[in-house]
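Notes follow the structure.
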Amino acid sequence: MPLDKTFASTEIEPRLYEGWEREGAFACDPESNAVPFTIMIPPPNVTGSLHMGHALTFTVQDALIRYRRMTGRDTLWQPGTDHAGIATQMVVERLLEAEGIDRRTLGREKFLERVWQWKAESGGTITTQLRRLGASLDWPRERFTMDDGLSAAVKQVFVTLYREGLIYRDRRLVNWDPKLQTAISDLEVENQEVRSSLWYLRYPIAGESGRFIVVATTRPETMLGDTAVAVYPNHPTMAGLIGKFAVLPLVGRAIPIVADDYADPEKGTGAVKITPAHDFNDFEVGKRHDLPMPSVLDKTAHITVTEIEDVLAASERQINEAIVSDPGLAHDINKEFGAAQPAFVRSLEGLDRFAARRAIVAELERLGLIEKIEPHTHQVPHGDRGGVPIEPLLTTQWYCNAAVLAKPAIEAVESGRTVFVPKQWENTFFAWMRDIQPWCISRQLWWGHRIPAWYGPDGSVFVAKDGDEAAALALAHYGRAEPLAQDEDVLDTWFSSGLWPFSTLGWPEKTPELARYYPGDVLVTGFDIIFFWVARMMMMGLHFMGDVPFRTVYIHGLVRDERGQKMSKSKGNAIDPLQLIDRYGADALRFTICALTGPGRDVKLGEARVKDYRAFVTKLWNAARFCEMNDVRIDPAFDPASVSQPLCRWILDAARHAVSEGTDALEDYRLDEYALSGYRFVWNTFCDWFLEFAKPVFAPGDESSADPAAAAEVRATAAHVFGIILRLLHPAMPFVTEELWHRFGYGDEWTLIREPWPEAVTVPGAEAARAELDWVVRLIGLVRSVRTEMNVPPSSLAPVLLRDASPETMARAERWIEAIRRLARASEVRALTGEMPAGSAQAVLDEATVVLPLSGLIDVVAERKRLAGARDKALAEATKVSQKLANPDFVARAKPEVVEENRERLAAFQAEAARLEAALARIE
RNA sequence: GGGCGGUUAGCUCAGCGGUAGAGCAUCUCGUUUACACCGAGAGGGCCGGCGGUUCGAACCCGUCACCGCCCA
């Protein structure tokens, strides 16, 4: 059955994919002798659906995997998904909310059941979509970060790091997300610019009526928790206050005025209020000065006065006593007691932080304790998931000592055991790793790996892989059985993702797969994930496997829309890759992505681009149809080394060049160069010239030139080269190439995927063939150009005459007469000996002058102008080159071959100008 | 404030010491053994500014400007 007019991607692609999967074409083979090649998929969130960013990263990975598979490597592209703690919990919570259920009333057990149920029903979306894209993942090996095996790995790692002292509990400030009510790591915090105010507050100096110290703050509501004022040690006007006390307004707490460099005299007033429990910098100051650290905001970021209760009570007592002893003071209480307003403070209990801010500012204003308010724009940390400002909160959490783990990871990159592509990302990696902070790994969520730690009645901690082991530890500790309670928290999702390169291969079991496929070869991901994931895999891999998890980290850009805007659902500029696949086919989308993925560059992708490259898929398909119509069939006996015709030698040589270019590009992770080189070869060489030259051979215009042997050789060569094209393009366009591979009988269905990668084979006589075909192409181009410029309609044929042509040139013209006739619209091609026919257009090609007699069609004035223009251009070039050669420094210092090249160019330009001058003279 | 990247044809981008390129868009012409998702041809650029190194700079160095990201 002949090929349809176009490639019906929507029908053909799913059929091919199912075939590959059914036939086990994606499977790795741990038994084989081939060298393994491993890519670990960055596990997409189980909640996810395929977006453009996925399409980019997975297309790149699939192209690399398919390429290596064809080169004979035993490829493993490890599939799987991530349980995505917060994201998944939020999804299920939202579903429950729609049913009017709160997760807390449901309880932990029941809630987790619901999550697993949701995962079973909806968790497979992304894996189905990956198949639409053509991703050749080894599906039977699919893993999930909450699988039993991977969970065992998580416990093992946790217990080991705990026993090594690299995981520990600590009470310190964390980034608290008041919306999700969990701690989050530094990386999950995004600073957003917020337009707000800078409030200048006046804190009365204790015992010095009417004297104040002014502090500037962006967060007046936290002043309830202030326990000091810091002043720059050598501050010109305020240093004298150091050692005195201020009275904290509203609360009435006497707070020391301490000296600390943190109070930058360049900023604000040179004095800062210190709220150790609600600010990271203040926390450090608080530790340095041994300050109390009362929290005045709870886990939902509402005011709580519990921890300042004693101070409020004391203020109340003091005020009451003073009023009792001197009732006259009642009206002037502010002055005497530093404006303590315990009743007001108590009234704030339970108030949201922003409402509390307004209330406190209003009250301070009423008391005359606001010096001024300035508009102020600053960066406010927000939780990346919840989207609300995070609240530094003093809690006990589990931490991982990342600094220790980071050392070997840094060394591995320094020594080149792992290489980043492009290399500049190594700097980003180093900068972060060298200044790495303790990693908060506990999360106050339910969905995730529950922390394998149990607490005894006295709070002693027993870290063990399960309850029994913990009980045994407790027994040894207490000398008797005591009830234990497991830690309620779960681990940061990235904790389990960090183990992915070895947990998916069966670790901690010593499996053959682990021995064979670790370390992986290349990790492909976006730069936004270097810290979250790449760094953690490096740390964990080196610590537990003793080797880097991958040799190369290929960092690609982000997908943006045509205008360079980040794609996002909220902006409404997101393009759905599945829609593009529906409309244009997966091959078109994939090829577009490859063609646009420059190193370290973002990919600006619009529907129009995909549409453009779909044309290339169609072009390839049509070239196939042309071949089919002309009985191009593979000849099993074909030997490229034995072809005799220049045309065949030339296209084989061009194919060699394309293979070599494409292979080099893939080796260098230059998907763009790979795609574009294939594009140029197929379209601009194979279709535009080779097939056109083949036409007269396949169907000679007149019987006399028919040569069955020559035609057979061209057919066999065409089939051979087309087979190379299909293999070469397969990594970028797996579907159309696979389909044509089978339809043309190169192999069985679903077999191209495992065909050997084409080799760059040199054919004999390639250079001469290249020179010859190059001449023919230039001649045809020249004639076409002149004809168009002279407004000669394509329908009219004209002779192509060659003046002053060498015998060699004339022989070439003879050999290619049919092609020249067709492609240059020539009525005849021959040497011009005598006088030039009147009304001819002329052009120079090497030593010859091409004469086109166009009497009646040409405008002599225009022709003269055209020739003069061409001559001037040649002269200008010649002048440029001769000036260069006239420079003694150039001749003396430039590389000899460059000098020689320029001498040749000068001669060529001069000769061309002379011939054009002669041509001009002939018109007169 | 520190760091990274970018600035080349109308648009998107290659090129990164030795003749300025591609795709798209534009204009003109064209249905000829596949393909109008096509073919042929053409126009279009002081390669962001200013210095420097060099026989020679879009390319290397310095500096400035603007844009974008990352980290404080």
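Computed over heavy atoms, backbone and side chain alike; hydrogens, waters and symmetry mates excluded.
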- line: Closest to the side chain of A/N622, out of B/G18, B/A34, B/A72, is B/A34
message: Counting only side-chain heavy atoms from C-beta out, which of B/A40, B/C35, B/A72 sits nearest to A/R625?
response: B/C35
field: Nearest-neighbour nucleotide for the A/R670 side chain, B/A14, B/A40, B/A34 considered
entry: B/A14
task: Choose from B/A40, B/U33, B/C71 the nucleotide whose nearest atom is closest to any side-chain atom of A/R784.
output: B/A40
- prompt: Okay, side chain of A/E628, backbone of A/L3: is any donor-acceptor separation there less than 3.5 Å?
  reply: yes
- request: Between A/V189 and A/L691, just flag the one whose closest nucleotide in RNA chain B comes earlier from the 5' side.
  value: A/L691
- prompt: Taking OP1 and OP2 of B/A42, is either one under 4.0 Å from a side-chain nitrogen or oxygen of A/S785?
  reply: yes
task: Measure centre to centre between the rings of A/W425 and A/F429, then say whether the value is under 6.0 Å.
output: no
query: Is the distance from OP1 or OP2 of B/C13 to the nearest side-chain N or O of A/K604 less than 4.0 Å?
result: yes
message: By the salt bridge (Lys or Arg N to Asp or Glu O under 4.0 Å) test, which pairs, at least two apart or in different chains, include something from residues 786-795 of chain A?
response: none
- prompt: Does B/G39 have OP1 or OP2 sitting under 4.0 Å from an N or O in the side chain of A/K619?
  reply: yes
field: Intra- and inter-strand pairs of RNA chain B in dot-bracket (Watson-Crick or G-U wobble, both distances under 3.5 Å; | for another strand)
entry: ((((((((.[[[[.)..(..]]]].(((((.......))))).....[[[[[..)....]]]]]))))))).
Closest nucleotide among B/C37, B/C13, B/G39 to the A/T6 side chain: B/C37
field: B/G2 OP1/OP2 closer than 4.0 Å to side-chain N/O of A/W432
entry: no
message: Give me the distance, rounded to whole Å, that separates B/G44 from B/G5 when you measure between the P atoms they each carry.
response: 35 Å
